[in-house]
2 protein chains.
Amino acid sequence: MKTPATPAPSRREANRQSRREAILDVAAESFLEHGYAGTTMSAIAATLGGSKGTLWSYFESKDVLFGAVIERVTEAFRAQLSLILNPADGIEAALRRFCAEFLRKVTSAEAIALHRLVVGEANRFPEVGEIFYARAPQRTQRLLADFLETAMERGELRRDDALVAARQLTALVMYGGHQQMLMGLIDTLTPEAIQAEVDRAMATFLRAYAAEASS
Amino acid sequence: MKTPATPAPSRREANRQSRREAILDVAAESFLEHGYAGTTMSAIAATLGGSKGTLWSYFESKDVLFGAVIERVTEAFRAQLSLILNPADGIEAALRRFCAEFLRKVTSAEAIALHRLVVGEANRFPEVGEIFYARAPQRTQRLLADFLETAMERGELRRDDALVAARQLTALVMYGGHQQMLMGLIDTLTPEAIQAEVDRAMATFLRAYAAEASS
DNA sequence: TAAAAACCGTACTCTATAGTACGAAGATAT
DNA sequence: ATATCTTCGTACTATAGAGTACGGTTTTTA
């Protein structure tokens, strides 16, 4: 059997690919930790062990590398956010689990660093905000909205705009500890704090979106 | 009569003071527009018309100048946020006005620029986040919480933790357009959009915190 | 009006960093 | 085995920007 026609993974291509990944790994770490200005191409090359010429043969400039890193990290973040929303649990339990998991991920050191980077560089790199928004907040909201939509149709929640409801629930969950982490007031959320935040958010949300009592 | 003992506003002092203000004005504009890394001391000196030596005689380093700018701009922001919460209007109207005004201010170009700066530099300048948080979100929350507290005591809202309620209301108001502005997806909120955001937030909030129906 | 302080302009030092050049060494394909 | 592509190391260019030095000029004080 010969090699399959479509992907011709010659040795060179493969090497090139994994090399590229390695560069992105190192670059991502540096950008996330030190920001755009605080990251130097020389340092990246040094950490890689390779030479600068090689680095430039993969990415023609720091800007381009930065863009690639953001795209990749955001993608990784999205992938990691495959949150559970199991209707079989019952609506309240499902939402509660979802919120806790969501808050945990969104307040991880990596996620906070990414968020800071996106917001901080939104001026210089407008596309960065768009990429991030489309992949993170927007997807989460849509996922959640679909779930809420179903619940509304079943009469388990009051009928209303599901997307708005989804946004509001994420807002309620994020606006406490997440906000403070973003600004550097605290640098971790204990599991208890997460629980507490979720409880508060859920209480308010459920009260506002409880199914109408009368028929 | 000699010069008064306590304030000796000699000509020199006065000049020095106003000069300092002028520097901070120029520096603030630059930091807000171009960020920390994007701002150069030379450019500030050039815009001022003065010489670099003079600039350094007022602020011993770029870091120090940045700190002073943040302190000042945050203070200005806080002062501008003397929001109206007039209980005589009735609770719903009062809150509605408050939220609209709040959202308008928080989505102004200046406020967004400041917010980005604070979040983006929270790593390098930890004190910046603290200053900002204490003066902006925290104060607003406390102001609002006091109002809600009173309303709760009067039985106009369901009895609950007023500070949490305040945080939740601001969260509901801010998480839509403000979020998108921060990330550069849009760069203004029309008055209509503000109205719509406030309406949605208020509807949810009032449902969740309506006074208990039964006695 | 004379001494003191602040300011100006300009030129300078020093360091950091993006990006380039290039020849030698290594890996890959045919 | 040999031509080709890739990488390595290292040295280099070019630029930018923080901070300093200093002599001459203006402003303030007394």
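Chain identifiers are assigned alphabetically (A, B, ...) following the order of the sequence lines, protein sequences preceding nucleic acid strands; residue numbering begins at 1 within each chain.
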*Asks:* With under 30° as parallel and over 60° as perpendicular, where do the rings of Phe66(B) and Phe31(B) fit, or are they tilted in between?
*Replies:*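 Answer is perpendicular, since the angle exceeds 60°.
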*Asks:* Expressed in angstrom and rounded to an integer, what is the separation of His34(B) atom NE2 from dA16(D) atom P?
*Replies:*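 So the NE2-P distance, His34(B) to dA16(D), works out to 15 Å.
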*Asks:* Whole-Å distance between dA18(D) P and Leu55(B) CG?
*Replies:*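 Value for this atom pair: 10 Å.
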*Asks:* CZ of Arg20(B) versus P of dA6(C): gap in Å, rounded?
*Replies:* 15 Å
*Asks:* Scan nucleotides 8-23 of chain C nucleotide by nucleotide, 5' to 3', and note B when protein non-hydrogen atoms come under 4.0 Å of the base, S if they reach only the sugar-phosphate, - if neither.
*Replies:* BB-------SBBS---
*Asks:* For the ring pair Tyr175(A) and Tyr175(B), is the centre-to-centre distance below 6.0 Å?
*Replies:*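 Not under 6.0 Å, so no.
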*Asks:* Without decimals, in angstroms, what is the distance between Arg16(A) CZ and dA29(C) C1'?
*Replies:* 16 Å
*Asks:* Nearest whole angstrom, please: distance from the P of dT29(D) to the CZ of Arg12(B).
*Replies:* 6 Å
*Asks:* Can you tell me how the ring of Phe77(A) sits relative to the ring of Phe132(A), calling it parallel under 30°, perpendicular over 60° and tilted otherwise?
*Replies:* parallel
*Asks:* Determine whether more than 12 heavy atoms belonging to other residues, nucleotides or ligands lie under 6.0 Å from atom CZ of Arg72(A).
*Replies:* yes
*Asks:* Below the 4.0 Å mark, does dT7(D) have OP1 or OP2 next to a side-chain nitrogen or oxygen of Ser57(A)?
*Replies:*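 For Ser57(A), the contact criterion (side-chain N or O under 4.0 Å from OP1 or OP2 of dT7(D)) is met.
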*Asks:* Tell me whether the guanidinium CZ or amine NZ of Arg97(A) lies under 6.0 angstrom from the six-membered ring centre of Phe102(A) and within 45° of its axis.
*Replies:*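 Geometry flag: not set, cation outside 6.0 Å or 45°.
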*Asks:* I want to check one thing: is the phosphate of dT7(D), taken as OP1 and OP2, less than 4.0 Å away from some side-chain N or O of Tyr58(A)?
*Replies:* yes
*Asks:* Could you state the atom-to-atom distance from CD of Glu13(A) to C1' of dA29(C) in whole Å?
*Replies:* 13 Å
*Asks:* Is a side-chain N or O of Glu101(A) found less than 3.5 angstrom from the main chain of Arg96(A), in a donor-acceptor match?
*Replies:* no
*Asks:* State whether Asn15(A) places a side-chain N or O below 4.0 Å from either non-bridging phosphate oxygen (OP1 or OP2) of dT6(D).
*Replies:* no
